[in-house]
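Only one structure is covered here, and it is reproduced in the block below.
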Protein chains: 2
Amino acid sequence: MHTRTRRYHHGDLRAALLTRAEDTLREKGPAALSLRELARDLGVSHAAPSRHFKDKQALLDALALTGFERLTAVLGASRDGVGETFAERLDAMVRAYVGFARENAELLDLMYSIKHDPEASDALREAEQRWSDLVVRLIGEGQAQGQVREGPMERVGLPVFATLHGYADLAVAGMLPPEADEHGLDDVIAFILRGSAPA
Amino acid sequence: MHTRTRRYHHGDLRAALLTRAEDTLREKGPAALSLRELARDLGVSHAAPSRHFKDKQALLDALALTGFERLTAVLGASRDGVGETFAERLDAMVRAYVGFARENAELLDLMYSIKHDPEASDALREAEQRWSDLVVRLIGEGQAQGQVREGPMERVGLPVFATLHGYADLAVAGMLPPEADEHGLDDVIAFILRGSAPA
DNA sequence: ACCTGAACACCGTTCAAGT
DNA sequence: ACCTGAACACCGTTCAAGT
């Protein structure tokens, strides 16, 4: 039973740092996130995090990456068993994304924030694409069923993705008008269906 | 000619701080923005900014506010003389917004970032609404011309606004696929027109 | 391999004091 | 009214040294 033994160094400091960082990001916002405080919370020295993240931005990038991975996992799984029609599956995906955005507002803000480090942004762009590809794939399936207009999946899918992301981003920023609570999502979904309907 | 006289204190330190803050935000990103460095750049003591902004977040909020005001001014002015049809005017507005977003990427990021201070966010929400109202008004005019589907302007306009904001936000975050450069904007505009066309 | 402890050069914020 | 200068409690990052 040496798993309960308090060892000199942390078991998986990297993962612990990410988990703790997400908690404080959610609770206190990005400005309050400090490497030294994370280290203090986890009972390691303030220099320990540098073994796992070369600087603070690297930790934030890694956190954004886990966000995209979780989002892809959750929305990929939610594709199963939500009905057959394109409208039903689109409805489910839009609501799932907006739900994720609202529940992880600070994280989503970070995921779609500007990266001034161009090297780190490559991995993030790839992770983001794995998620947006779920929407593109949905478009492809809709086309196969004749429920979505013809054309290259990526081109047909991009305005759809922009719409649902835009709505989620406005929700996260707290910029949706009060009336949106009632009809906002319904209106957005109907709008997407009209915009992507067969000609 | 005492305007050229170097006075003991700054002429309009508040405005100078905002201008300089926007420059460094654009050039070095939000993480590199420090009150002390701003003060140094402007030749005042590091405590001087606190006379005009109670803390760093207050300066960032004020900066975001000027962003919304400039956006509203620019897009409000660009409404004049761009053609008569709804399609033409929508096209102009979408391109103008995406253009503003690309030219002021870091600022737009700030404008739509989460505010953890709920009191400061009221003013920002109002400023944001003055800009999004331009889109709603455009919808209203389109309805009057019979070129936009019926319904409450705000409800018809919100999915339209979400779409163009979502596209701009993806562009700013560097998350648009490479192919979007060619057809992205055209596809988004056509998508919006289909989604808001009369039934 | 992984972490510590000290050191360095920075921060944001506050506050008495100056003009 | 507006700003200074000193002070306080923090930061991020680096690096020799420890285990």
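Sequence lines set the chain letters: A, B, ... in the order given, protein chains first and strands last, and positions in each chain run from 1.
- Of the candidate nucleotides C/dC3, D/dC15, D/dT4, C/dC3 has the atom lying nearest to any side-chain atom of A/Ser45.
- The side chain of A/Ser50 sits closest to D/dT14 out of D/dC11, D/dT14, C/dG12.
- In this model, the phosphate group of D/dC11 is approached by a side-chain N or O of A/Arg40 to a distance below 4.0 Å at OP1 or OP2.
- Contacts between residues 51-64 of chain B and DNA chain D, counted as heavy-atom distances below 4.0 Å, involve B/Arg51, B/His52.
- Ring to ring, A/Trp131 and A/Phe100 are not that close: their centroids are 6.0 angstrom or more apart.
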Which dot-bracket string fits DNA chain D when only Watson-Crick or G-U wobble pairs with both atom distances under 3.5 Å count, crossing pairs get [ ], and | stands for a partner on a different strand? ||.|||||...|||||.||
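- With no hydrogens or angles considered, no side-chain donor-acceptor pair links B/Glu69 and B/Thr72 at under 3.5 Å.
- Side-chain atoms of A/His165 and A/Tyr97 form a donor-acceptor pair, as typed in the model, at a separation below 3.5 Å.
- At C/dC10, none of the side-chain N or O atoms of B/Ser34 fall inside 4.0 Å of OP1 or OP2 (strictly under the cut-off).
- Judged as a ring-ring contact (aromatic ring centres under 6.0 Å, His included), and not counting sequence neighbours, the contacts of B/Phe191 are A/Phe191.
- Atoms CD (A/Glu37) and C1' (C/dC11) sit 15 Å apart, rounded to a whole Å.
- Legend: residues meeting side chain to side chain donor-acceptor pair (under 3.5 Å) with B/Asp55, ordered by chain and number and at least two apart, are absent.
- Following rounding to the nearest Å, B/Leu38 (CG) and C/dT13 (P) show an atom-to-atom distance of 12 Å.
- Between B/Glu141 and B/Arg137 there is no salt bridge, since no side-chain nitrogen of the basic residue lies less than 4.0 Å from a carboxylate oxygen of the acidic one.
- When the nucleotides D/dC15, D/dG12, D/dC10 are ranked by their closest atom to the side chain of A/Leu35, D/dG12 comes out on top.
- Annotation: salt bridge (charged side-chain N to carboxylate O under 4.0 Å, His left out) contacts involving residues 44-54 of chain B, sequence neighbours excluded, are absent.
- Side-chain atoms of B/Gln147 come within 3.5 Å of backbone atoms of B/Phe86 as a donor-acceptor pair (strictly under, hydrogens ignored).
- Of the candidate nucleotides D/dT4, D/dC11, C/dT13, C/dT13 has the atom lying nearest to any side-chain atom of B/His46.
- Of all nucleotides listed (C/dC3, C/dC10, C/dG5), C/dC3 comes nearest to the side chain of A/Leu13.
- With rounding to whole Å, B/Arg36 atom CZ is found 12 Å from D/dA6 atom P.
- Qualifying ring-ring contact (aromatic ring centres under 6.0 Å, His included) partners for B/Phe68, counting only residues two or more places apart in sequence or in other chains: B/Tyr112.
- Note: CZ (B/Arg14) to P (D/dA1) measures 17 Å, nearest angstrom.
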